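Just so you know, these numbers use all the heavy atoms, side chains as well, and skip hydrogens, waters and symmetry mates. Keep in mind it's a predicted model, so treat the numbers as computed, not measured.
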Amino acid sequence: TTPALTWTRLLREVEMMRTRKEELANPLRWLLRLARLDLAVLAEVSTQPAATVPCLATVVMASFLCGLGSWLFWAFQMDGQRGEAFIRTLVMGSLLQVGAWSLWVYLAYQVLTLGYGIAVPFYGLARAMGLAFAPMALTVLMALAPLAIPLAVIPVVATVLLSQGAIEAVSGAGTPRALVANVVGFSGFALTLGILANVAEVGGIGGTAPGLFFFALDWSELLRHGGP
């Protein structure tokens, strides 16, 4: 191996390391910009195919933290069945919420394309809405039982609002049409998780769903068990 060839390989490896660092740093920058309500980042990630995996990972991680929040609520407040609650809300619930989010994106896409005839890139919409799903991670704070319900509701509201911004940014549909698409999509998301909350319930309180949607509709049962 000649010195010139060795030097070329070394430079190539350094460049690859720099690229990897940038790939890791970009999602953090996007989240920081989102936290500052710099909504232009939603339009930017929608046009970057390389952002697909980080944005989907955001949905998965946020869903996991949702499930962790509801499981910690159960572990701190309820007696027994911690293992069953762990499986239902943290493991199965987190995975099913990712599927419910996919339905949200799909329904919004169908409303825009079929309902309004607007050409929207599906994967671009998914990337933007994936990043907009980040506030759901704050649902982990519902482990603080005295404030469990508001701490579970606030992230949902923030996610819906940011998803509205994502739909508008990607589709250019304008607020009224984007709102219809967002409402239809979120309705599918919420109804799906609401149904799952009543499936295979744990102690008659919550089912196979994470975060706020863990709780079944029978609040009298929750109050009887000493919930919030």
Practice task
Start with the C-alpha distance between V53 and L56, add both sets of side-chain angles, then the distance that settles side-chain contact (heavy atoms from CB on, under 4.5 Å), and finish with yes or no.
Solution key: CA-CA 5 Å; V53 172; L56 292 180; 5.9 Å; no
Could you state the interatomic distance from [atom1] ([X]) to [atom2] ([Y]), rounded to the nearest 0.5 Å?
X	Y	atom1	atom2	result
F189	T159	CZ	OG1	8.0 Å
I195	F213	CD1	CZ	12.0 Å
L68	F86	CG	CZ	8.5 Å
L161	N182	CG	CG	8.5 Å
M136	L138	CE	CG	10.0 Å
E168	Q164	CD	CD	4.5 Å

A side-chain contact here means heavy atoms from C-beta on lying under 4.5 Å apart; do [X] and [Y] qualify?
X	Y	answer
V111	V180	yes
M129	I167	yes
W74	R88	no
L162	L39	yes
F73	L151	no
V98	L95	no

Kindly work out whether a path of hydrophobic side-chain contacts (I/L/V/M/F/W/Y, heavy atoms less than 4.5 Å apart) joins [X] to [Y].
X	Y	value
V157	V160	yes
V105	V183	no
W101	V60	yes
I87	F76	yes
V156	L103	yes

Can a donor-acceptor pair be found, under 3.5 Å and without considering hydrogens, that links the side chain of [X] to the backbone of [Y]?
X	Y	answer
S94	V91	no
R127	V45	yes
T113	Y109	yes

Side-chain donor-acceptor contacts of residues 114-123 below 3.5 Å, not counting sequence neighbours, with atom names and distances?
none

Exercise for the section: Could you walk me through whether F186 and L107 pass side-chain contact (heavy atoms from CB on, under 4.5 Å), step by step? Expected result: CA-CA 8 Å; F186 176 72; L107 290 176; over 6 Å; no
Looking at every non-hydrogen atom in both residues, tell me the closest pair between [X] and [Y] and how far apart they are.
X	Y	value
P210	G93	CD-O, 3.3 Å
V170	G124	CG2-O, 4.0 Å
A197	A209	N-CB, 4.2 Å
A166	A132	CB-CB, 4.2 Å
P54	W30	CB-CZ3, 3.9 Å
G67	L90	C-CD1, 3.5 Å

Practice task
Give the intermediate values and the outcome of side-chain contact (heavy atoms from CB on, under 4.5 Å) for residues V59 and Q97.
Solution key: CA-CA 9 Å; V59 177; Q97 180 165 277; over 6 Å; no
Problem - From CA spacing to verdict: side-chain contact (heavy atoms from CB on, under 4.5 Å), F133, S63 - result: CA-CA 9 Å; F133 200 75; S63 296; 3.7 Å; yes
Exercise for the section: Would you mind telling me which of L131, L31, L32 makes a side chain to side chain contact (heavy atoms under 4.5 Å, CB included) with V41? Expected result: L131
